[in-house]
There are 2 protein chains.
Amino acid sequence: MGKPRFQRRKEDRPAEITAAALDAFAEKGFDATRVEEVAQRAGVSKGLLYLYFKTKEDLFKAVIRSFVSPRIDALIENIETTDQSAEAFLRGPFLQFARQVPKSPVRVLVRLMVAEGPKHPDLVAWYWDNVVSRAMHALRTLMRRAVDAGEFRESAVNEFPQLLVTPVLFSTLWTQVFKRQSDLDTDRFIEAHLDLLLEAIGRSET
Amino acid sequence: MGKPRFQRRKEDRPAEITAAALDAFAEKGFDATRVEEVAQRAGVSKGLLYLYFKTKEDLFKAVIRSFVSPRIDALIENIETTDQSAEAFLRGPFLQFARQVPKSPVRVLVRLMVAEGPKHPDLVAWYWDNVVSRAMHALRTLMRRAVDAGEFRESAVNEFPQLLVTPVLFSTLWTQVFKRQSDLDTDRFIEAHLDLLLEAIGRSET
DNA sequence: ATATTTACTGACTCACCAGTCAGTAAGGTC
DNA sequence: GACCTTACTGACTGGTGAGTCAGTAAATAT
């Protein structure tokens, strides 16, 4: 018993609109993007957009939520259930995840969070609860296990799991800001960082 | 023969205004800051501000230029003329510089560059020429010397001197975005990163 | 004193755009 | 077919703020 076609639109609209908004924000940023343009890209009138989203800010939040959540959820789930060694996990699924961030459309959202964050404290709070603190917790657990198992030695990475993520943020922003001046080989950059870290905290020689 | 008092104002005005603008941008960001408010903070009328700066965007550029240049110039000069070993330099003057970035008023400018950069390509170009590419060149030279002298082994840091700077950007942004959620001990964070890097690329054991 | 130049003011304009709402038409129901 | 409901439209408004400019007052020149 599928929904009648008429109502199907209603269900799809929000996703269609947030997708259009992501594109628009990617090109112009939040402030410079006209609501009307988002509507146009979604093939919809401005009025309809306001039926689904109360304000422009509301739309912005919905964009972040709908694109960031699914990705991060998958990674965290992955960390928590893996039975690989920490090094294998970091060099495998984690590296793969880290590498695609600077290339995927969400890279724009990272920049927008930095740019607009201070103006939207409740969005930052949500992002913290749903993304950052969970990711940090998962990474800390992973590191803890590895240290306890004698795989890694005790190091600052246990206290600051952010050290694993640092080059991801860096290259995500670099490629957006200095696109014209210099392109960074983000794959190798991120892997190089991981190599150096593992070199420093691993137990084995060379 | 000093300038008459009357003309002194004229010389000081731009600096007074850019200082006021830095404060205002720090609190509200670029778009949300009203030109009139900058004028007010500088104790000046809006009209006068437009005598010294053609547009709001022009003012923004002047702010970046006047606050970023002097700092980076000093660091680069320092790298080029030092006779310390690379490790001593990195643990000394470089670390000191890196640590104060997330605490100084310029941290706001870093965020604004990320936020507004894509909208101001000519500003990015200037920033690249005057700051980033020069800093990278200086760091690369430093690393090259150290490798040639047998102090460090050949590593990805030679190709990607950005790896040295990564946690500076990270903590500069982190403290601004997640101020309320979690405070990061940026001093220890940045030093921890440096320790790990040096551990990985140093020649000596332990 | 008078004239001239220079730093400065602030009321005004004009374009812009987030958000509204009266109206339309397509879809469903009886 | 008549009637109701629901998704949708787009012209309009009200607030806003960047940038202007005619005018003032203080400093300097003659």
Side-chain angles (χ1 to χ4, degrees), chain A residues 1-25 27-64 112 115-116 119-120 122-123, chain B residues 1-25 27-64 112 115-116 119-120 122-123:
Chain A
M1 280 233 134
K3 292 283 166 60
R5 257 163 245 151
F6 188 47
Q7 301 216 348
R8 280 284 261 301
R9 283 343 297 273
K10 183 175 182 181
E11 281 172 14
D12 297 343
R13 285 303 191 205
E16 291 170 18
I17 294 171
T18 48
L22 176 61
D23 286 348
F25 291 157
E27 281 178 27
K28 313 208 171 185
F30 179 73
D31 285 300
T33 297
R34 307 293 132 226
V35 171
E36 180 127 39
E37 201 198 319
V38 174
Q40 232 167 296
R41 286 186 196 234
V44 141
S45 76
K46 194 165 124 181
L48 183 63
L49 190 154
Y50 275 96
L51 274 187
Y52 291 109
F53 306 94
K54 269 214 264 303
T55 63
K56 188 186 182 185
E57 187 176 317
D58 208 53
L59 171 64
F60 177 58
K61 292 176 186 176
V63 171
I64 299 258
L112 288 182
E116 314 286 342
K119 260 184 269 178
H120 303 277
D122 52 332
L123 177 60
Chain B
M1 281 238 130
K3 293 282 168 61
R5 257 163 249 152
F6 188 48
Q7 301 216 347
R8 281 282 260 301
R9 285 340 298 273
K10 182 172 182 180
E11 282 173 13
D12 297 343
R13 285 302 191 206
E16 291 170 17
I17 294 171
T18 48
L22 175 61
D23 286 348
F25 291 157
E27 281 178 28
K28 314 207 170 189
F30 179 73
D31 286 300
T33 297
R34 305 294 134 226
V35 171
E36 181 128 38
E37 201 198 318
V38 174
Q40 231 166 297
R41 284 186 196 234
V44 142
S45 74
K46 194 165 125 182
L48 183 64
L49 191 154
Y50 275 96
L51 274 185
Y52 292 110
F53 305 96
K54 268 213 265 304
T55 64
K56 188 186 181 186
E57 186 176 320
D58 207 53
L59 171 63
F60 177 61
K61 293 177 186 176
V63 171
I64 299 257
L112 289 182
E116 314 287 341
K119 259 184 271 178
H120 304 276
D122 51 334
L123 177 60

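Here the structure is a predicted model, which is why all the values come from computation and not from measurement. Letters A, B, ... are given to chains in the order of the sequence lines, protein chains preceding strands, and every chain is numbered from 1.
B/Ile17 has its CD1 atom 13 Å from the P atom of C/dA7, to the nearest Å. Straight-line distance from the CG atom of B/Leu51 to the C1' atom of D/dG23: 14 Å, rounded to whole Å. Remark: P of D/dG17 and CD of B/Gln40 are 13 Å apart, rounded to the nearest angstrom. Remark: C1' of D/dC8 and CG of A/Asp12 are 15 Å apart, rounded to the nearest angstrom. The distance from atom OH of A/Tyr52 to atom C1' of D/dT6 is 9 Å, rounded to the nearest whole Å. When rounded to the nearest whole Å, the span between CZ of B/Phe53 and P of C/dC8 equals 12 Å.
Using a 4.5 Å heavy-atom threshold, the side chains of B/Lys61 and B/Asp122 count as touching.
For A/Glu36, there are no salt bridge (Lys or Arg N to Asp or Glu O under 4.0 Å) partners, not counting sequence neighbours. For A/Glu37, the salt bridge (Lys or Arg N to Asp or Glu O under 4.0 Å) partners two or more places apart in sequence, or in a different chain, are A/Lys28, A/Arg41. B/Asp31 meets the salt bridge (Lys or Arg N to Asp or Glu O under 4.0 Å) test with B/Lys119; sequence neighbours excluded. Residues passing the salt bridge (Lys or Arg N to Asp or Glu O under 4.0 Å) test with A/Lys56, sequence neighbours excluded: none.
In the helix from C/dA1-D/dT30 to C/dC30-D/dG1, the end axes, each obtained as the rotation axis mapping the C1' atoms of four pairs onto the next four within a five-pair block, lie 10° apart to the nearest 10 degrees.
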Expected rows: protein N/O vs nucleotides 18-22 of chain D N/O, under 3.5 Å:
from: D/dA18; atom 1: OP1; to: B/Arg34; atom 2: NH1; distance (Å): 2.8
from: D/dA18; atom 1: OP1; to: B/Lys56; atom 2: NZ; distance (Å): 3.3
from: D/dA18; atom 1: OP2; to: B/Val35; atom 2: N; distance (Å): 3.2
from: D/dA18; atom 1: N7; to: B/Lys46; atom 2: NZ; distance (Å): 3.1
from: D/dG19; atom 1: OP2; to: B/Tyr50; atom 2: OH; distance (Å): 2.9
from: D/dG19; atom 1: OP2; to: B/Lys56; atom 2: N; distance (Å): 2.9
from: D/dG19; atom 1: N7; to: B/Lys46; atom 2: NZ; distance (Å): 3.1
from: D/dG19; atom 1: O6; to: B/Lys46; atom 2: NZ; distance (Å): 2.8

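Here B/Ile17 contributes atom CD1 and B/Leu22 contributes atom CG; the two are 14.0 Å apart, rounded to the nearest 0.5 Å. With values rounded to the nearest 0.5 angstrom, B/Leu51 atom CG is found 13.5 Å from B/Lys46 atom NZ.
Across B/Phe53 and B/Asp58, no two heavy atoms sit closer than the pair CA-OD2, 3.9 Å.
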